[in-house]
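Report on the following structure.
Labels below follow one simple rule: chain letters A, B, ... track the order of the sequence lines, proteins then strands, and each chain is numbered from 1.
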Amino acid sequence: MKNDIIQETNVEVAPRKNFIREIIEDDLKTNKYGGRVHTRFPPEPNGYLHIGHAKSICLNFGVARDYNGKCNLRFDDTNPTKEEQEYVESIKEDVKWLGYDWEEREFYASDYFEKLYEFAVQLIKKGKAFVCDLSGDQVRQYRGTLTEPGKNSPYRDRTVEENLDLFERMRKGEFPDGSKTLRAKIDMAAPNINMRDPVMYRILRATHHRTGDKWCIYPTYDWAHGQSDSIENITHSLCTLEFVDHRPLYDWYLEQLGVYRSQQIEFAKLNLTYTVLSKRNLLQLVEEGSVSGWNDPRMPTISGLRRRGYTPESIRLFADRIGIARSESTAEVTQLEDCLREDLNRRALRAMAVLRPVKVVIENYPDDQVEELEAVNNPEDASMGSRKVPFSKVLYIEQDDFREVPPKKYWRLFPGNEVRLRYAYIIKCESVVKNSKGEISEIRCTYDPATKSGSSESQRKVKSTIHWVSAKHAVDTEVRLYDRLFTEEFPAGENWRQYLNRNSLEVLKNCKLEPSLSKAKPGDKYQFERMGYFCADEDSKPNALIFNRAVTLRDTWAKIEKK
RNA sequence: UGGGGUGUAGCCAAGCGGUAAGGCAACGGCCUUUGGAGCCGUCAUUCCCAGGUUCGAAUCCUGGCACCCCAGCCA
């Protein structure tokens, strides 16, 4: 997975200040946790991680790193009906790939099931929890509404002994699924609905990916999360804004139990234009076949971005640039793309690749001559050296780099015009050959031998430089061009799928690469000069390479043309 | 007249009573053998609105408005 062609450099700078770092610095100053900083990243293994999770990962691990603390990886696996081992594997891979290390601290909420059970018994003994026989529907009715208080469950006043007995029998499997719950006894009239006697345990016969069939009762998120934080001695429990309302409950449990108090702090989750970022939606895209899988290069998943050609550095840069705050916001996808450009510009090898080829014949170039021309590997970084590129009489250039009738400000090849062939000569278009259908089959040019790149007489300026590939040396390849998955900036609502971009994938079968590219391995990233950044796909075979376009280069010409 | 959260430029986001950081985008110019990159410059007389306090308010107070979250035995 490591790309050894890419040099180790660092596009990242000092992390941005944000309100969470401020709180932490304050706590450090007042010695609130004895100088400790201990965070956790708590994914539920019910899907693949996406760019929104990356924001959280960078926050939690980044803060731990910067304040000399620790960050645990904890799987929040309290719902066996949705969770799978495949997901935990992918999550671990993605966190590692992003560059973070949880060392030996790989934890699971399910590790604490026994302890959580004991805690629940404690609460029952304190008279703070009870076994409730209300059905799901009835619980809902009793809960009241947003504007009306709820009513006490008729089972609320069972004795401690009865609750203890019932709860134990729940665990033993004496009652059918859904027939009973354990509930906290708080306040059915609380304006915060989370405090209206929330469910702590439900009866659920499902095989858990780690505990198997050992349990038939499972803790709810609210009951498991804070106690897990406490058990792990987490100092700052960072989560997203939708949990703000849960904080009073988080604190209540810890307080009633009299255990170590972690502190929950909420921040705004990431939204991205032209993409969906909810696991539910992403799952649907995968299951309905709108994409090829969780790692389809168009997916905003970490694995999709990785396959697309994104680097961990670019994602971390992005996370840093968007910042952390409490106001809900939507970052522009272009900003993500820009982070990749910034990273790859400095590190990626350059190469020449013609995606939509048209043949050029240099009339005055000797028929069988081949020259090995010197080409720089990365103009941003001399240490990356240079390579040889073969030049001969018949070449391919990009169809787009030739116009029979040039528009205004078009500086590339057209009849009578001169352009430089990158690292080679200045050529002039003399004529055009067309086939029976009127399509251009060949562009006839002459070259000026005095203009060879690097020679003392090569200084003559022409308005533009284009890339090329020698026809007889070209490596044929497939290139997959990706565009955004959605056509709408905010693909929301019931019919969000109607905004799927039907042209989000274009496959080019007849691309011509310079020979040095034949040694590319899956995951290798290059800048195809003037075309964009490309990444060799995992579908590549030794003699049948496939490249994904990760992102185009910035294109001011495209902008001019639009006007 | 349920509770909670949030409003600073096109998009992010600092700002914590002393006179609106920074990044991205955009727009000019320079430079360029990638219409890339780089460099230089421009880009909020005003911080959701209205009052008030103060020598001084994006910051404090009062009253509005807008948007988001919550009625899973999901997380």
Side-chain angles (χ1 to χ4, degrees), chain A residues 16-19 22 42-44 46 76 78-79 81-83 132 134-136 139-141 143-150 177-183 190-196 198-204 217-218 220-222 224-225 239-248 266 268 273 279-280 318 320-332 334-335 338-339 341-342 345-346 350 352 376 378-380 409-412 419-424 426 451 453-454 458-459 461-467 527-532 552-561:
Chain A
R16 290 231 247 155
K17 188 174 171 180
N18 62 52
F19 78 97
E22 219 162 279
E44 184 190 10
N46 67 343
D76 218 334
T78 56
N79 184 359
T81 62
K82 290 185 179 164
E83 295 151 6
C132 181
L134 254 26
S135 70
V139 168
R140 194 175 313 123
Q141 283 159 16
R143 189 158 32 225
T145 68
L146 293 177
T147 53
E148 298 158 326
D177 284 10
S179 62
K180 284 180 167 48
T181 56
L182 182 74
R183 295 224 261 160
N192 180 344
I193 287 183
N194 294 121
M195 301 300 270
R196 318 237 264 228
V199 170
M200 296 164 62
Y201 278 94
R202 69 271 207 184
I203 302 174
L204 187 60
I217 58 172
Y218 289 95
T220 55
Y221 166 86
D222 283 310
H225 204 91
C239 63
T240 47
L241 249 23
E242 58 270 31
F243 294 103
V244 171
D245 290 341
H246 295 241
R247 194 171 64 226
E266 313 84 12
T273 55
K279 280 196 207 168
R280 193 185 130 266
F318 175 71
D320 188 61
R321 280 188 179 173
I322 56 174
I324 298 291
R326 273 177 87 86
S327 62
E328 290 202 45
S329 56
T330 303
E332 294 168 333
T334 51
Q335 196 162 356
D338 196 74
C339 289
R341 289 192 188 99
E342 177 158 337
N345 173 51
R346 300 205 220 168
R350 308 293 132 116
M352 292 198 285
V376 165
N378 185 336
E380 303 297 312
K409 289 194 175 172
Y410 185 88
W411 309 328
R412 285 117 91 157
V419 296
R420 172 170 290 281
L421 293 177
R422 175 133 244 227
Y423 299 123
I426 290 174
T451 59
S453 189
S458 71
Q459 302 310 316
K461 301 271 190 244
V462 287
K463 198 79 169 153
S464 100
T465 298
I466 65 175
H467 60 97
Q527 184 198 103
F528 291 173
E529 294 215 30
R530 304 203 310 131
M531 302 308 287
T552 62
L553 253 32
R554 246 189 229 97
D555 188 353
T556 37
W557 165 247
K559 234 185 280 176
I560 292 168
E561 228 183 1

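- When distances are taken from the side chain of A/V244 to each of B/G2, B/C73, B/G4, the shortest belongs to B/G4.
- Taking atom CG on A/N194 and atom P on B/G5, their separation rounds to 13 Å, with Å as the unit.
- Rounded to a whole Å, the CZ atom of A/R140 is 13 Å from the C1' atom of B/C74.
- One atom, CZ of A/R420, and another, P of B/G36, lie 18 Å apart when rounded to the nearest Å.
- Rounded to whole Å, the distance from CH2 on A/W411 to P on B/G36 is 8 Å.
- Not one N or O on the side chain of A/E148 forms a donor-acceptor pair closer than 3.5 Å with the backbone of A/G144.
- When Watson-Crick and G-U wobble pairs are counted only if both distances are under 3.5 Å, B/C39 pairs with B/G29.
- Nucleotide B/G29 is shown with an anti base, its glycosidic torsion being more than 90° from 0.
- A/T465 contributes no side-chain N or O that forms a donor-acceptor pair with the base of B/U34 under 3.5 Å.
- Rounded to an integer number of Å, the gap from A/I322 CD1 to B/G23 C1' is 12 Å.
- Base pairing of B/A13: no nucleotide in any strand meets the Watson-Crick or G-U wobble criterion (both distances under 3.5 Å).
- Checked by distance alone, A/R247 brings no side-chain donor or acceptor within 3.5 Å of a matching partner on the base of B/G4.
- At the heavy-atom level, A/H467 lies nowhere under 4.0 Å from the strands shown.
- Across all strands shown, B/U6 forms a Watson-Crick or G-U wobble pair, both distances under 3.5 Å, with B/A66.
- Nucleotide B/C55: paired with B/G18 (Watson-Crick or G-U wobble, both distances less than 3.5 Å).
- The side chain of A/D245 lies closest to B/C70 when the candidates are B/C12, B/U6, B/C70.
- Rounded to the nearest Å, the gap between the P atom of B/G15 and that of B/A21 is 14 Å.
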